[in-house]
Amino acid sequence: MNRDLPGGLDAMVRDLLAWFAARARPLPWRRDYEPYRVWLSEIMLQQTQMDRAVGYFERFTARFPDVASLAAASEEEVLKLWEGLGYYSRAKNLLAAARLVAARHGGRVPDDPEALRALPGVGPYTAGAVASIAFGRDVPAVDANVERVFARLFDLDLPPREPATAAFIRKTAAQMIPPGKARELNQALMELGALVCLPKKPRCSECPLAGRCEALRLDLVFERPVPAKAAAYIPLEVATGLLVRQGRVFVQKRPATGVWAGLWEFPGGTVESGETPEQAVVREFMEETGLRVAVTGRLAVVRHGYTRYRVALHCFSLRDADGEAPQPALHAAQEGRWAALPDLDGLAFPAGHRKLIDRLGRDIPFPGPALP
DNA sequence: TATCCGTGGCC
DNA sequence: TGGCCAAGGAT
């Protein structure tokens, strides 16, 4: 990592501010930088793309033009205006914070980073952003854009969230601020990240800092920022089976809570240690349905992922092990059904089971005798 | 510290 | 087309 600044910070800041003055997008809250509007924009932009947030901002400020009107609002109406934007706790926190501002700060958004930080929904980034952009306080505002710009500019060879890297970024971001110019500089860094220093498609030929970018000089732009250590994926062996009677396969609807709530599935479950997938599917059928089944064939191993798991789904064809074949119990489901192959298309399955279904009748034969 | 929270665009 | 990502914060 090169922490020396080619040409020095001053020249870099000068070029960056000139670029921002020329290229800054005319956003609604940039008209007058009214603190309430800046604050609202920062909340709406958390994990949300600009194009999507602007329309919501216009509708929201038309209905709630200031802290007082928002503080007097019902949560229901605030949520209605937030509908579709996602991360709804932002809306609830915003309303709670507006009421706090009305009660404790006389309806004026505080200009102090610490006071801002105390408001619900305001973290380190948003506190710095509002203090600098709305009030011109000389504090940094480091978001993912700034992290990416710095990672490339200084060729940082550790992930931006690493403590040492984060400290360097924050310290440098603070040092770069010309006195009284934090509003412009912080926005310029973020704007550069949003318009030019893009994650997958950097536009280095348009970058005002290209001549000072260490990653570009070393042809490492696409290697920066270094991704954080990927959350360790947990390999999971899962077994499931198709029990067919008279051309129909048993499926069950999962409970209303928990993972895949309300989705349909073939019974099955995790392969425990010391257990083969065949043994697991027989055991799981007994536990979940009370049925004694026997494996008649291996259909496929479907690989898929969800959240942090990487699943190998072992799929078997099954038959009733007993002559007598009672109806399945529902120990792990709210509903059961015997479904013909075409019926499965009308039910919602988790991705792994859906992959299996999509292959049935194509490269995997539907087990048992032909459909009636 | 890791995980959850929502949605739409992207390739 | 499904998996990944995008102006974070709370727990």
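Lettering follows sequence order; numbering is per chain, from 1.
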Original post:
Closer to the 5' end of DNA chain B via nearest nucleotide, is it A/Y87 or A/P163?
Top reply: A/P163
Base, sugar-phosphate alone, or nothing: which one does [X] contact when heavy atoms must sit under 4.0 Å apart?
X      : result
A/R148 : sugar-phosphate
A/I43  : nothing
A/V146 : nothing
A/S41  : nothing

Say you draw a straight line from [atom1] of [X] to [atom2] of [Y]; how long is it, rounded to the nearest 0.5 Å?
X      : Y      : atom1 : atom2 : answer
A/D66  : A/Y36  : CG    : OH    : 7.0 Å
A/M190 : A/F20  : CE    : CZ    : 8.5 Å
A/Q279 : A/E284 : CD    : CD    : 12.5 Å
A/L220 : A/L156 : CG    : CG    : 11.5 Å

**OP:** Assign each of A/K200 and A/Q47 to its nearest nucleotide of DNA chain C by heavy atoms, then name whichever residue's nucleotide is nearer the 5' end.
**Re:** A/K200
Subject >> Of A/L45 and A/D358, the one whose closest DNA chain C nucleotide lies more 5' >> reply: A/D358
Subject >> Nucleotide nearest A/P199 when distance is taken to its side chain, options B/dC5, C/dA6, C/dG3 >> reply: C/dA6
Original post:
Are A/F154 and A/F150 close enough that their ring centres sit under 6.0 Å apart?
Top reply: yes
Original post:
Does A/L291 sit in a hydrophobic cluster with other residues, and if so which ones, taking ILVMFWY side chains as linked at heavy-atom separations under 4.5 Å, directly or through other members?
Top reply: A/L243, A/F250, A/V281, A/V282, A/F285, A/V293, A/V295, A/F316, A/L318, A/L330, A/W338
Subject >> Aromatic plane relationship, A/F266 with A/H353 - under 30° parallel, 30 to 60° tilted, over 60° perpendicular >> reply: parallel
Phosphate-side-chain proximity, [X] and [N], N/O vs OP1/OP2 below 4.0 Å:
X      : N      : value
A/T48  : B/dG6  : no
A/R117 : C/dA10 : yes
A/Y88  : B/dT7  : yes
A/Q46  : C/dA7  : no

Original post:
Just by modelled atom types, is the A/R254 backbone N or O under 3.5 Å from a matching donor or acceptor in the A/Q334 side chain?
Top reply: yes
Just the table, please: protein N/O against nucleotides 8-11 of chain B N/O, every pair under 3.5 Å.
{"from": "B/dC11", "atom 1": "OP1", "to": "A/K201", "atom 2": "NZ", "distance (Å)": "2.6"}

Original post:
Going by heavy atoms closer than 4.0 Å, what residues in residues 19-33 of chain A are next to DNA chain B?
Top reply: none
Subject >> Worked check of salt bridge (charged side-chain N to carboxylate O under 4.0 Å, His left out) between A/D15 and A/R212 >> reply: CA-CA 10 Å; A/D15 292 349; A/R212 312 173 193 282; 2.6 Å; yes
